[in-house]
Amino acid sequence: MKHYLVTGGAGFIGSNFVKYLLKKYGDLRITVLDDLTYAGNLGTISDNLKDSRLDFVKANITDQNAVKSVFEKYEIDFVVNFAAESHVDRSIENPQLFLETNILGTQNMLDMAKKSWITGKDSNDYPVYRKGVKFLQVSTDEVYGSLGETGYFTENTPLAPRSPYSASKAAADFIVLAYAETYKLPINITRCSNNYGPYHFPEKLIPLIIKNILEGKKLPVYGDGSNVRDWLFVEDHCKAIDTVLTKGKIGEVYNVGGHNEMKNIDIVKLVISTIRRLMEENTEYRSALKTGIESINDNLISFVKDRPGHDQRYAIDPAKISGELGWTPETCFKDGIVKTIRWYLENQDWVKEVTSGDYREYYDRIYGNR
Ligand code: NAD
Ligand code: TYD
């Protein structure tokens, strides 16, 4: 039986991963370690916490004592490090927090895993670790920087981050690789493209657009909307992480993506037309709507000032993970976006819960003066 330590398990991808694991495996234990920042919500996993295989520790990944005591209490086999400050716009406002959490937090997790897993030394004086343990760092394609109109990110693309967020994630990747080289810590890094799906915090493009449409608010599109992102349904990302944990070659980096590049403006238009269609087909969905159904149209789109240093295009080449480990995505965008929108229409209570804190103040600060 494996015991997983999932940091950031109350956030978007981490919570989906916890649900994925609980469903897929019978015999396992999961400890979620999460500091419940604005992006973390215990309600997201409260039903799962009724399951005796899962428990929760509220702690910051930078806190040495708190993390140490988790490793002392449990025999952890896998660390999956999702915990991070994850929003580019917030990183532009407050880079320091991103460096603290994403870099120092990752280093602290690595150090505590190393100390807990070490069983001795080999003939070259390198540490030897308990069999079967692994540290998986959940990274992002944003560490590779920005692409022009053509080409893809491979695992050999040089890291060239351009935002404080992506720079902090790239630094974390380097420190993970340094632990692999210097201390022979068994690690993998996954670098995934943009995720979408249930439990996505409504500061990111897709859930923000859905929320605003339902509230009859303008839909802020940065610049001219021509920026391209490569979208992957969150469950496919979870499946990729599970695949890398169980089959990934120690020390390797794997890119994760499903060849689904879309311009932001096309995403926004698709979300508008899909919500409208779903409401026409199912009048019950209209209860989530604050305005009339006829107001759901492209006139809601508002082109606003561009994000500083806005990366133009991301696109992943997933040949390594699919060729070597047999991973392929299951949900195509056409189906995934409908599933996602339906989930938001049916889970308005969750949206209200997660946006009841400082969300209003954040929204006015970012969008109010544009
Ligand atoms: P998220 O912002 O939704 O969730 C982050 C979680 O980490 C929250 O639960 C938060 O409370 C927790 N957290 C933040 N700081 C913490 C700290 N110091 N100590 C403990 N917990 C802390 O993020 P997400 O979108 O789920 O992303 C998860 C990971 O996946 C991140 O590392 C991100 O870089 C990476 N990633 C995200 C995407 C994407 O499209 N969202 C794509 C590729 C990679
Ligand atoms: P986002 O969801 O913040 O993810 P990331 O910056 O990590 O890719 O943004 C996705 C794209 O959508 C990005 O090109 C910025 C753009 N965007 C908007 O046009 N308007 C918005 O209100 C937001 C949040 C993002």
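First listed ligand is number 1; within each ligand, the first listed atom is number 1.
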Ring center gap for Tyr254 and Trp327 short of 6.0 angstrom = no
request  = Tell me yes or no: between the side chains of Tyr344 and Asn347, is some donor less than 3.5 Å from an acceptor?
outcome  = no
key: Full working for side chain to side chain donor-acceptor pair (under 3.5 Å) between His3 and Asp77   = CA-CA 5 Å; His3 193 143; Asp77 300 293; over 6 Å; no
query = Are side-chain N/O atoms of Tyr179 and Gln107 paired as donor and acceptor at under 3.5 Å?
reply = yes
request  = Anything under 30° is parallel, anything over 60° is perpendicular, the rest tilted; go ahead and classify Phe82 against Phe17.
outcome  = tilted
ask   = Less than 6.0 Å separating the ring centroids of Phe333 and Tyr196?
value = yes
Check: Lys131/Thr119 side-chain N/O donor and acceptor closer than 3.5 Å = no
First-shell residues of ligand 1 [heavy atom, distance under 4.0 Å] = Gly8, Ala10, Gly11, Phe12, Ile13, Asp34, Asp35, Leu36, Thr37, Ala39, Gly40, Ala59, Asn60, Ile61, Phe82, Ala83, Ala84, Ser86, Thr101, Val138, Ser139, Thr140, Tyr165, Lys169, Cys192, Ser193, Asn194, Asn195
query = Can we call the ring centroids of Phe78 and Tyr4 under 6.0 Å apart?
reply = yes
Contact table, ligand 2 N/O with protein N/O, distance under 3.5 Å:
residue  : atom   : partner : partner atom : Å
ligand 2 : 2 (O)  : Leu205  : N            : 2.9
ligand 2 : 3 (O)  : Arg307  : NH2          : 3.1
ligand 2 : 4 (O)  : Asn194  : ND2          : 3.4
ligand 2 : 6 (O)  : Arg307  : NH1          : 2.5
ligand 2 : 6 (O)  : Arg307  : NH2          : 3.3
ligand 2 : 7 (O)  : Glu142  : OE2          : 2.6
ligand 2 : 8 (O)  : Asn194  : ND2          : 2.9
ligand 2 : 8 (O)  : Arg229  : NE           : 2.8
ligand 2 : 12 (O) : Asn264  : ND2          : 3.3
ligand 2 : 14 (O) : Arg229  : NH2          : 3.2
ligand 2 : 14 (O) : Asn264  : ND2          : 2.8
ligand 2 : 14 (O) : His310  : NE2          : 2.7
ligand 2 : 19 (O) : Tyr222  : N            : 2.8
ligand 2 : 20 (N) : Pro220  : O            : 2.8
ligand 2 : 22 (O) : Pro220  : O            : 3.4
ligand 2 : 22 (O) : Tyr367  : OH           : 2.6

query = Does NZ or CZ of Arg307 come closer than 6.0 Å to the centre of the six-membered ring of Tyr222, within 45° of the ring's axis?
reply = no
